[in-house]
Protein chains: 2
Amino acid sequence: MEPIRKAALVKATIVELGRAGSLDVTVSQIAKRAGMSSALAHHYFGSKEDIFLAAMRHILSLYGAEVRGALAAVDGPEARLQAILRASFSPGNFRREAVGAWLNFYVLAQTVPEARRLLSVYQRRLRSNLLSCLRPLVGVRADRAADALGALIDGVYLREALKEGPPDSAAAVATVMEFVASELGKRK
Amino acid sequence: MEPIRKAALVKATIVELGRAGSLDVTVSQIAKRAGMSSALAHHYFGSKEDIFLAAMRHILSLYGAEVRGALAAVDGPEARLQAILRASFSPGNFRREAVGAWLNFYVLAQTVPEARRLLSVYQRRLRSNLLSCLRPLVGVRADRAADALGALIDGVYLREALKEGPPDSAAAVATVMEFVASELGKRK
DNA sequence: TTTTTTATTGATCCGTCAATCAACAAAAAA
DNA sequence: TTTTTTGTTGATTGACGGATCAATAAAAAA
C-alpha cells in the first residue's frame, strides 16, 4: 500500500499546487484529492514538508525522463539540443500544475536546503546535457555557452508561463534556438 | 499619517518576505516590524493582499528608478545596455529581501491578476529599454533579440539568486554581455 | 468650547491547520 | 484459531491567523 498511497499523494500535491498557485495548500486538501484522510498522509509522510519534497523529486524526475526520452530519439548535436528544448518546453510543462510546482519549488529553495539541493541537481544535469551538445559545436566556448543557455531556458520558461494568454511551446523553442544559431555564428 | 504608515508597512513587508522566504507572512509580523498593531495595518490597507501588492509596486518602482538612474549616467547603445544589466544585477537586488520579494511576486502573478499585470508592466518597460539600445546595434533583429535578452536576464537572475554560495553580480553581467557580443557577431 | 474627524489598539470572532492518538478493521503470520 | 502486523480514520489538540469592532485618545474644525 505504501508506494501506492505515496504516489497518489504526490500526484495530488502537484494538482493542488497548481490549483492554489502557492504553497498555501493544506494536507487535508491533498489527502482528500488523493482519496484518503489527512491522518494517513501524515502516516506515510512524516510532515507536510516531506510531501512537498517528494512532489518536487517527482516533477524533477518526470522532467529528467522527458529529456532522456527526447534525446534517445535523435542524433547529432544540433538535433539533440533541439530535443532538450522541446522537452523543456513541452505543453505538459506549461500546465497549471507544472508551473505552480516549479515556481513554488523556487520559493522553497530559498529556505529548505534539500529543495535547493534538488534544484541544483537538476541544473547540473541540464548543464551537462547542454555541454555534450555544445562541445562539438563551439569547442572551448561550450562551458560559458551552457551556463547562458541554461539560464535562458529558465527565463524563457518563466516568461512564457506567466505571460497573459496561452503559452506557446514552439515560440519558446524558437527563441532559444535563435540564440544557439547566433552563438554558432550562423545568421539567416 | 497615512502615507508614513503605508510606507513603513511596505518596507516591513519586504523585509518579512525575505526573512520568511515565502508568502507565509502574517499581518501581525509585518505590523510589528513596522511598529504598529495589526489592526492599524488592516485600517490603512484593506487586506493582506493589498499590502503585498503595494510592496510589489514598491519593489518594481525601486528597480525602475535604479535603471533610469543608471541610464542617465551613460551614453551610447552598448554602454546603455551594460547600465541596464548593472542595475538589474546590482548587489542590492540579490539581498534576501529582494530575492524573496521577486520570487513571491512570480508566485502571486499566477493567481492575482493585478500582480500579473504589474509584472507585465515591468517586462514591457524592460523590453522597451532594451529595444532602444538594440535597434542601433542590430536593426530589425532587435525585436527578437530583446525578447531573448529579457528572458536571459530573468533566468540569470534566478540562477544567481538561488545558487549555493554568494551571488556574483559581475559574473551575471558578464554572462549577459557575452550573449550581446555574440548577437553582434563579435567574438573575442 | 463643542463637535467632528483622524489615529490607534486590545480583545474577540470565526475559522483553519498540522499533527497526534486512540480505536477499529483487515490481512498476514504463528 | 490466535496473534501480530499493516492500513485506516474520526476526533481531538493546541496553536495561529485574518478580519472586525468597540473603545479611547488626540488633533482639527466648527
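Numbered from 1 within each chain, the chains take letters A, B, ... in sequence-line order. Fair warning: this is a prediction, and the values are worked out from it, not measured in the lab.
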### Task
In plain terms, say whether Lys32(A) and Glu16(A) are close enough for a salt bridge, that is, a side-chain N and a carboxylate O under 4.0 Å apart.
no
### Query
Can you list, by residue number, the residues of residues 35-43 of chain B that have a non-hydrogen atom closer than 4.0 angstrom to DNA chain D?
Ala39(B), His42(B)
#### Entry: Donor-acceptor under 3.5 Å (Thr175(A) side chain, Ala148(B) main chain)
no
### Query
To the nearest angstrom, how far is Glu2(B) atom CD from dA7(C) atom P?
7 Å
#### Entry: NZ/NE/NH1/NH2 to OD/OE distance under 4.0 Å, Glu183(A) and Arg144(A)
no
### Message
Distance check needed: dT6(C) P versus Ile4(B) CD1, whole Å only.
### Response
16 Å
### Query
Which part of the nucleic acid, if any, lies within reach of Phe45(A) when heavy atoms closer than 4.0 Å are counted: base, sugar-phosphate only, or nothing?
nothing
### Message
Between C1' on dA19(C) and NZ on Lys48(A), what's the gap in Å once rounded to a whole number?
### Response
12 Å
### Query
Do Tyr157(A) side-chain atoms and Asn93(A) backbone N/O form a donor-acceptor pair below 3.5 Å?
yes
### Message
Run the side chain to side chain contact (heavy atoms under 4.5 Å, CB included) test on Ile30(A) and Lys48(A) for me, step by step, so that the C-alpha distance in whole Å, both residues' side-chain angles and the decisive distance to 0.1 Å come before the verdict.
### Response
CA-CA 10 Å; Ile30(A) 295 170; Lys48(A) 191 178 171 177; 5.7 Å; no
### Message
For the backbone of Ala172(A) and the side chain of Glu160(A), can you confirm whether one donor and one acceptor N or O come within less than 3.5 Å of each other?
### Response
no
### Query
Parallel, tilted or perpendicular: which describes the rings of Trp102(B) and Phe105(B), with under 30° parallel and over 60° perpendicular?
perpendicular
## Note on the structure
So, with a heavy-atom separation below 4.0 Å from DNA chain D, the residues of residues 5-34 of chain B are Val25(B), Thr26(B), Val27(B)
### Message
Measuring centre to centre across the rings, with the benzene-like ring taken for any Trp, is Tyr122(A) within less than 6.0 Å of Tyr63(A)?
### Response
yes
